[in-house]
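Take a look at the structure set out below.
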Amino acid sequence: MQHSYLDKYSNLNSPIHRADPRLKILIALFFVLSILLTSSGNLLEFAFYGVIIASLVIVSRVPPLFILKRSLMIIPFIVLISLFLLFDRTGLSAEYSGGFLFRGIVIKSYLAILVLTLLSSTTPFPSILQGLQRLKISKVFILLLSFMYRYIYILVDEAMRLTRGKRSREFGAGKWRQIKSTAPLIGILFIRTYERGEMVYSAMCSRGFDGTIRTLNTIRLRMAETMVGLALITIIVLVKLITNSHAL
Amino acid sequence: MHYEHCIEVRNLSFSYPDGTEALRNISLEIGKGEKVGIVGPNGSGKSTLLLHFNGILRGKGEVRILGKGISKANLKEVRREVGLVFQEPDDQLFSPTVFDDVAFAPLNQDLSAEEVKIRVKQALQEVGLPGYENRSSHHLSYGEKKRVSIATVLSYDPKILALDEPTSNTDPKNRRRLINLLKGITKTIIIATHDLDLVLDVCPRCMIINQGEIRANGKTEELLSNPHLLEANDLELPLSLSRLQKVKNQQKIS
Ligand SMILES: Nc1ncnc2c1ncn2[C@@H]1O[C@H](COP(=O)(O)OP(=O)(O)OP(=O)(O)O)[C@@H](O)[C@H]1O
Ligand SMILES: [Mg+2]
């Protein structure tokens, strides 16, 4: 079945795609942190970050429209969560009104999401996992992510097949009956997932799994990449310094 | 030919937790280097039987692998010797990339990085998927998944191969490649399948299993050319033989 994949375009060939995932993860993290630590009113700083992201997107050759669409999907959630700020009147000075904070949060989150979307569109998920592992993130956590990535589509497929099978046979049934017959479906999905888990564990044991996860290291940090990465971090720091000294 | 026993099953019975009696009093022997086909209709217990060969399921009765009874203590050893390919490739392939999956068992044997890479390359070559290392498992077609599944056990070189439906959904050319591969391998091979022509081609001996019981056990050519036996067990003559039969009948008429 067709899905829009988590990491579509992650197999293109650009300098960003080729770079060491560890480097990319660290830079993305640094970038997101600097975005989040920007004061809500500093529009100039936000603009600079936007320009940096835009240039990275161009270098990466990922269609900008794709990044835009992907990142927009998250906006409703952010708006929903921060909506209450608009009506908040307690303990805020006139300068920091609710609307002001709301705008700041939406911009910050959106920029951060853009950075992460760029990361996931330029790095295949398995490489991100390998990067995380090399950055000494807990192996259990990585294994969890890896199963999620492997089976989420199958789960979606399974759910789709179940509902399709149900729809094609429930003609004529009333609305209430249709809703009632959905409940067992969820149960079946749960059981199938559970049984799949058992089988997968058996498959792992069959091939000598003993609780430790072994992987082969295939990533290597290149000098040139590191330099470019450092340059990028320097630019971000400079943007922060300049835009903030201006404000003072 | 005299074989020393590789797999020995004595009075094995197994019921699933819901009470389904999947195997009833099964006894069989498979010799070293022998290639045996297990055929039977849907739900006859083929997959259940294979899952006993490396201790994933443990029924009543005895299963001995290379002379040793399967116990908790030697489970790891047994699994090292028996390479099992599940019927459902999505159970078999659990890693994000093809490479990770084919390398899983060799890595668990603590082989060197170089050796692991060579093994993976070779195994993928053998199933006709060279260069598939970096593909994501969930992007593969069913037939490709099935072939990668087979590569995941070829890569660690077990003494016994137990394959559940190895040719399901593979295209004719790759089915042929698989058959040639299986014919060329000198290991002990057990194949559970509906592909009777595959059995006819690869396995000198076969067993017919139905409703959890072994109904026949003997030379493949004799069993699979016996229409009454096959019919009694909800099976049909293999295509290649039924065509032959037709030709013979026509000759008789003319
Ligand atoms: N997890 C399970 N729980 C309960 N019953 C099961 C389970 N798995 C299989 N069975 C039942 O056990 C019997 C044997 O199943 P098995 O999968 O071994 O058959 P099979 O010969 O491999 O069939 P197929 O040709 O369809 O693959 C069937 O009646 C099946 O319904
Ligand atoms: Mg089966």
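Every heavy atom of this structure was used, including side-chain atoms; hydrogens, water molecules and symmetry mates were not. Just so it is clear: chains get the letters A, B, ... in the order the sequence lines come, proteins before strands, and each one is counted from 1.
- Taking a cutoff of 4.0 Å between a charged side-chain nitrogen and a carboxylate oxygen, A:Arg207 and B:Asp101 qualify as a salt bridge.
- You'll find the side chain of A:Pro126 stays beyond 4.5 Å of the side chain of B:Phe99, heavy atoms only.
- Contacts with chain A were tallied for B:Ala103, B:Pro106, B:Gly83, B:Pro96; B:Pro96 has the most, counting heavy-atom pairs under 4.5 Å.
- When heavy atoms are compared at a cutoff of 4.5 Å, A:Leu143 does not approach chain B at all.
- In terms of heavy-atom pairs under 4.5 angstrom with chain A, the leader among B:Asp110, B:Val78, B:Val116 is B:Asp110.
- With a threshold of 4.5 angstrom between heavy atoms, B:Ser155 does not approach chain A through any atom at all.
- Checking side-chain atoms of A:Arg150 against main-chain N and O of B:Leu93 turns up a donor-acceptor pair under 3.5 Å.
- Using a 4.5 Å cut-off on side-chain heavy atoms (C-beta onward), B:Phe94 and A:Ser146 make no contact.
- Between chain A and the options B:Asp90, B:Leu84, B:Asn54, heavy-atom pairs under 4.5 Å are most frequent for B:Asp90.
- Between B:Ser136 and A:Tyr149, the shortest heavy-atom distance links the atoms OG-OH, 3.7 Å.
- Only the side chain of A:Tyr151 comes within less than 4.5 Å of a heavy atom in chain B; its backbone stays farther off.
- Here B:Ile56 is the residue among B:Asn134, B:Leu51, B:Ile56 with the most heavy-atom pairs under 4.5 Å with chain A.
- In this structure, the separation between OG on A:Ser206 and OH on B:Tyr156 is 6.5 Å, given to the nearest 0.5 Å.
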